[in-house]
Amino acid sequence: MADQMGHMPRGPGRIFKAAKWSWQGLRAAWLYESSFRLEVCLFVVLAPLALWLGQTPVEQVLLIGSMLLVLAMELANSAIEAVIERYGPEYHVLAGRAKDMGSAAVFVLMMNVLLCWGLILVPRLL
C-alpha cells in the first residue's frame with residue numbers, strides 16, 4: 001500500500017517508525033518463538049567464530065550472512081504461522097501446506113549455512 005503522499009522517499013520520522021515496528025517484531029519473535037531464540041543464541045556464538053575463521057571479508061560475509069538469512073526466514077515463518085493461527089485452530093490443508101513450506105524454507109537456509117561453512121572450512125582441515 002502506498003503512503004498518503006504516493007511513493008515519495010520517507011523522511012526521518014517515517015524511518016524511525018519503521019525501525020520501531022521492526023524492533024517490536026524482533027522482540028515478539030524473541031518472546032514467543034523458541035526456534036528464533038535458539039537460532040539467535042547460535043548466531044551469538046558462531047558469528048565471532050566466523051569473524052575469526054573467515055580469512056577474507058568475503059568468507060566472513062558468507063559465514064555470517066548465511067546465518068542472518070536463517071534468522072530472517074525464521075521471522076517470516078513465524079509471521080506465516082501467526083496469521084494462520086489468527087484464523088483458528090481447525091485444520092485446513094492450505095494452512096498446513098503454508099506452515100510446512102515456511103518451515104521448509106528455514107530448513108533450506110539451514111542447509112545453506114552448512115554448505116557455506118563446509119565449503120569454506122573443510123578444505124582447511126584436509
- Tyr91, OH: over 12 other non-hydrogen atoms inside 6.0 angstrom: yes

Do [X] and [Y] belong to the same hydrophobic cluster, where Ile, Leu, Val, Met, Phe, Trp and Tyr are linked whenever their side-chain heavy atoms lie under 4.5 Å apart, directly or via other members?
X	Y	result
Leu69	Val61	no
Val122	Trp52	no
Val113	Phe107	yes
Val58	Leu51	yes
Val70	Met101	no

Are side-chain heavy atoms of [X] and [Y] found at a separation under 4.5 Å?
X	Y	answer
Leu114	Met111	yes
Met73	Met110	no
Leu75	Leu71	no

- Determine which pairs satisfy side-chain hydrogen bond (donor to acceptor under 3.5 Å, both in side chains) with at least one residue from residues 55-64, sequence neighbours left out, and list them in order. Glu59-Arg124

Under 3.5 Å, sequence neighbours excluded: what are the donor-acceptor pairs made by side chains of residues 25-47?
{"from": "Arg37", "atom 1": "NH1", "to": "Trp30", "atom 2": "O", "distance (Å)": "2.7"}
{"from": "Arg37", "atom 1": "NH1", "to": "Leu31", "atom 2": "O", "distance (Å)": "3.2"}

- Note on the structure: Under a side-chain separation threshold of 4.5 Å, the hydrophobic residues clustered together with Ile84 are Ile80

Nearest non-hydrogen partners of [X] and [Y], listed with the distance:
X	Y	result
Trp117	Leu49	CZ3-CD2, 4.3 Å
Ala50	Leu63	CB-CB, 3.5 Å
Asn112	Ser66	ND2-CB, 3.7 Å
Gly118	Pro123	O-CD, 3.5 Å

Straight-line distance of [X] [atom1] to [Y] [atom2], nearest 0.5 Å:
X	Y	atom1	atom2	result
Leu53	Leu121	CG	CG	5.5 Å
Leu109	Leu68	CG	CG	11.0 Å
Glu81	Ser103	CD	OG	7.5 Å

